[in-house]
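Only this structure's heavy atoms are used, side chains among them; waters, hydrogens and symmetry mates stay out.
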Amino acid sequence: MKKRNMTIKAVLAVAACTACVTASAQKQYPQQEPMTPDMSEYWTPQPKIVTPGDIKTNSAPSDAIVLFDGKDLSAWENTKGEPVQWTVHDGVFTVNKKVGDIQTKQKFNNYQLHIEWCVPENITGTNQARGNSGVFMQGMYEIQILDCYNNETYVNGQTGSVYKQTPPHWPTPCANRANGMCMILSIPLLSLRKTEPIAFLPV
């Protein structure tokens with residue numbers, strides 16, 4: 001009798017399961033919409049139109065913040081917030097080691113810094129004691145500027161390195177041109193830290 005009851009229960013369970021499957025098969029669910037090209041398009045934010053700088057007129061890109069216009073250092077101050085005493089002449093400014101560092105009055109977060117500099121032809125010294133300077137960013141990163149032309153030094157202290165942290169992209173040729181020639185350095189910074197001034201360090 002027990003065996004027969006078990007058999008009947010099994011048959012009923014199978015029937016109930018079959019009924020569930022049948023009911024599930026009959027139920028209609030929303031179908032996923034077919035993919036269209038506009039589903040992978042996003043329209044904001046729209047990029048601004050930027051007019052490139054012109055080397056013939058020595059002009060900067062239209063969206064640039066000009067920190068030195070060849071005339072004065074009014075966009076800069078010393079670390080005490082006082083006027084800068086570095087020398088401006090003939091469209092350039094020259095480091096004055098005696099008066100210390102200078103920094104921008106304006107604070108920045110994310111930016112790309114463009115600098116141009118020239119090492120005097122009569123430069124003397126070796127290793128790090130040769131045209132040593134730097135750009136200090138976010139109060140913690142120094143991008144090294146040094147005369148590395150025919151002047152060996154440690155690779156994480158070369159021009160373009162994050163000083164004593166990371167050398168330039170390795171392997172890399174020397175970033176410096178011969179003394180007396182103009183050099184250009186472009187420094188991008190993407191930071192999550194608070195805004196900070198950009199500082200130039202004479203060494």
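At least one donor-acceptor pair closer than 3.5 Å links the side chain of T159 to the backbone N or O of L146. One N or O on the side chain of K105 and one on the backbone of S74 form a donor-acceptor pair closer than 3.5 Å. In this structure a side-chain-to-backbone donor-acceptor pair under 3.5 Å is present from W76 to L67. Using a distance-only test at 3.5 Å, with no hydrogens or angles considered, a donor-acceptor pair links the side chain of S59 to the main chain of D54.
For CD of Q46, the number of neighbouring non-hydrogen atoms (other residues, nucleotides, ligands) closer than 6.0 Å is greater than 12. Heavy-atom contacts from other residues, nucleotides or ligands closer than 6.0 Å to CD of E82 number more than 12. Within 6.0 Å of atom CD in E41, more than 12 heavy atoms from other residues, nucleotides or ligands are found, so the atom counts as buried in its surroundings. Heavy atoms from other residues, nucleotides or ligands lying under 6.0 Å from CD of Q112 number more than 12.
Sorted by first and then second residue, the pairs that involve residues 53-72 and meet ring-ring contact (aromatic ring centres under 6.0 Å, His included), not counting sequence neighbours, are F68-F93.
The two atoms that bring V135 and L113 nearest to each other are CG1-CD2, 3.7 Å, heavy atoms only.
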Q: Before giving the answer on side chain to side chain donor-acceptor pair (under 3.5 Å), spell out for N127 and N151 the whole-Å C-alpha distance, their side-chain angles and the decisive distance to 0.1 Å.
A: CA-CA 6 Å; N127 196 353; N151 177 40; over 6 Å; no
Q.
Working note: E77 + I102, criterion side chain to side chain contact (heavy atoms under 4.5 Å, CB included); need CA distance, chi angles, decisive distance, verdict.
A. CA-CA 6 Å; E77 61 187 12; I102 66 173; over 6 Å; no
Q: Apply the test side chain to side chain contact (heavy atoms under 4.5 Å, CB included) to residues I65 and F108: give CA-CA distance (whole Å), side-chain angles for both, the deciding distance (0.1 Å), then the verdict.
A: CA-CA 11 Å; I65 297 173; F108 300 92; 3.8 Å; yes
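Among Q158, Q165, Q128, the single residue meeting the side chain to side chain donor-acceptor pair (under 3.5 Å) criterion with Q144 is Q128.
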